[in-house]
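Okay, so here's the structure we're looking at.
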Amino acid sequence: METFTLHFYIKKEKIRKDGTCPIYARITVNRKRAEIAIKRFIFPTEWDSRRGEAKGKKSFYRELNAYLDAVRTKLYRHHRDLMDRKEEITAQTLKEAFTGKAKNKGKTLLEVFQFHNQRMEELVGQEYALGTLQRFQTVYKHLTEFIEYAYQRKDMYLVDLRFRFITDFDHYLRTIRKIGNNTTVKYIALFRKIIFLSVENDWLVKDPFAQYKGRVRAIDRDFLTQEELNQLKNKSFPTARLEQVRDIFVFACYTGLAYADVAKLTPDNLQRHVDGSFWINVNRTKTDTKSLIPVLTPAMTIIERYADSPERHIKNQLLPIRSNQKMNAYLKEIADVCGIEKKLTFHMARHTFATTITLSNGVPIESVSAMLGHRNIKTTQHYAKIVQAKVGNDMKALEEKLSGTSDKIKKLSS
């Protein structure tokens with residue numbers, strides 16, 4: 001347990017020509033001392049060595065004792081600040097804090113994170129999507145809570161970051177926050193960008209992420225089969241609200257657009273080519289990559305169905321889409337009405353376009369990747385694996401069917 005004491009005394013061996021001696025503050029932490037000359041002087045006969053203060057009631061002595069009290073208060077405040085920051089407390093660090101000669105440890109983690117997020121916020125709509133900023137803000141929130149939870153501190157100096165900090169944060173997200181592997185890995189990747197920013201700006205010399213390895217596990221994304229999609233398309237719903245939500249979802253199934261991209265479509269994004277066909281020309285909100293998508297007949301039917309909607313004429317929206325939260329809530333209701341047991345979400349439409357509408361019908365993966373606006377074809381290849389699995393299952397069913405036919409022929413010929 002740490003012990004901290006403070007005592008004022010005079011150094012008689014440094015007596016000056018006028019007979020006065022300098023007053024010192026002695027700091028003792030765990031039996032180790034440091035001395036601070038407080039630049040005040042007094043005659044030895046006017047000093048109370050037991051109480052560590054000046055004798056007498058003259059104004060000079062009252063002012064001197066008041067000054068000593070101020071020094072005492074300042075030293076105790078520095079001691080408390082070091083405790084709050086969970087920094088090492090020694091007699092020397094207290095002396096350095098008091099004299100202003102404490103080592104400058106540079107920037108803190110949350111300070112840099114705030115700097116990054118503020119810069120990003122200023123560029124939302126130009127270089128970054130709002131969703132990207134919100135993900136960084138979420139990681140900042142988790143880091144703030146983690147530092148308080150694990151270190152009982154408000155922040156961490158960059159120079160104090162170690163590999164253990166990262167692995168502990170990873171463990172905290174998985175256990176305390178109950179966040180899954182893939183989201184945890186993505187959050188750590190965003191955190192790592194803050195560290196890269198610090199290294200690039202010479203705020204941090206060594207990258208504590210050097211040994212960290214996080215791997216995203218492949219997830220089989222749900223999609224609708226052609227039969228399920230047809231069932232949904234042909235279903236009559238009791239309310240216009242559900243009909244409308246179903247239509248927008250089907251439109252996304254035939255275009256591969258994410259919610260944010262459908263929501264920002266205007267009639268200007270619908271362009272007619274020289275051959276008379278219509279294409280959607282839009283930059284993806286998430287990645288700002290261009291998507292050029294031929295408008296298939298089912299999608300065009302829906303566009304024409306809402307040509308006279310108030311959203312088209314008042315808001316200049318191509319389609320009357322609701323909030324993403326409401327869309328997903330209504331899609332759950334639609335799945336129940338249609339008897340579809342899968343968890344129907346708006347983003348499933350994008351997966352359905354990639355698998356059921358395009359790849360399963362022989363559209364080359366390069367074309368699918370371009371229409372989806374993927375920066376890397378590896379992202380699209382995951383859908384191809386799903387299709388391959390489906391092909392394998394279909395061929396097994398075909399083999400069983402052919403084997404059954406062959407058995408029937410044998411029986412008839414015998």
With rounding to the nearest 0.5 angstrom, report the CD to OH distance, E243 to Y330. 14.5 Å
Taking T352 for the side chain and F223 for the main chain, is one N or O donor matched with an acceptor at less than 3.5 Å? no
Just verifying a value: how many Å separate M327 CE and L344 CG, rounded to the nearest 0.5 Å? 10.0 Å
Once rounded to the nearest 0.5 Å, what's the spacing between atom CG of N316 and atom OG1 of T266? 5.0 Å
Checking side-chain polar atoms at under 3.5 Å, does D247 have a donor or acceptor matched by the opposite partner on Y306? yes
Test of understanding: with ring pair (Phe, Tyr, Trp, His ring centres under 6.0 Å), list the residues that count as partners of F113, not counting sequence neighbours. Y140
Are any side-chain N or O atoms of R174 and backbone N or O atoms of I179, one a donor and one an acceptor, separated by less than 3.5 Å? no
Looking at T28 and R33, would you say the former's side chain and the latter's main chain have a donor-acceptor pair under 3.5 Å? no
Quick check against the 3.5 Å criterion: does K264 have a side-chain atom that pairs as donor or acceptor with the backbone of V282? no
Given the rule in the side chain to side chain contact (heavy atoms under 4.5 Å, CB included) test, do K32 and T90 qualify, once you have shown the distances and angles that lead to the verdict? CA-CA 8 Å; K32 292 186 177 180; T90 66; over 6 Å; no
I'd like to know whether NZ of K193 has more than 12 heavy-atom contacts from other residues, nucleotides or ligands below 6.0 angstrom. no
Using modelled atom types and a 3.5 Å cut-off, is there a donor and acceptor pairing between side-chain atoms of K178 and backbone atoms of T175? yes
K154, NZ: over 12 other non-hydrogen atoms inside 6.0 angstrom: no
Tell me whether R305 at atom CZ has more than 12 heavy atoms from other residues, nucleotides or ligands lying less than 6.0 Å away. yes
What distance separates E121 CD from Q114 CD, expressed to the nearest 0.5 Å? 11.5 Å
Exactly one of K14, H7, R40, E35 clears side-chain hydrogen bond (donor to acceptor under 3.5 Å, both in side chains) with Y24, and that residue is K14
Is the CZ atom of R31 crowded by more than 12 outside heavy atoms at less than 6.0 Å? no
Scan side-chain atoms only and decide if Q226 and N230 contain a donor-acceptor pair under the 3.5 Å cut-off. yes
Considering residues, nucleotides and ligands other than K74, do more than 12 of their heavy atoms fall under 6.0 Å from its NZ? yes
Atom NZ of K332: over 12 foreign heavy atoms under 6.0 Å: no
Would you say the side-chain atoms of S198 pair up with the backbone N or O of L204, donor to acceptor, closer than 3.5 Å? no
Has T138 got a side-chain atom pairing as donor or acceptor with Q134's backbone, closer than 3.5 angstrom? yes
Just one of R246, R241, K326 clears the salt bridge (charged side-chain N to carboxylate O under 4.0 Å, His left out) bar with E333, so which one? R241
Is there a donor-acceptor pair closer than 3.5 Å between any side-chain N or O of S277 and the backbone N or O of H273? no
Separation between NE2 of H171 and CZ of F146, rounded to the nearest 0.5 Å: 10.0 Å
Does R177 use its side chain to pair, donor to acceptor, with the backbone of H142 at less than 3.5 Å? no
Among Y149, F191, F165, Y187, find the one that has a ring pair (Phe, Tyr, Trp, His ring centres under 6.0 Å) with Y172. Y149
Nearest 0.5 Å, what's the CG-CG distance between L64 and D69? 10.0 Å
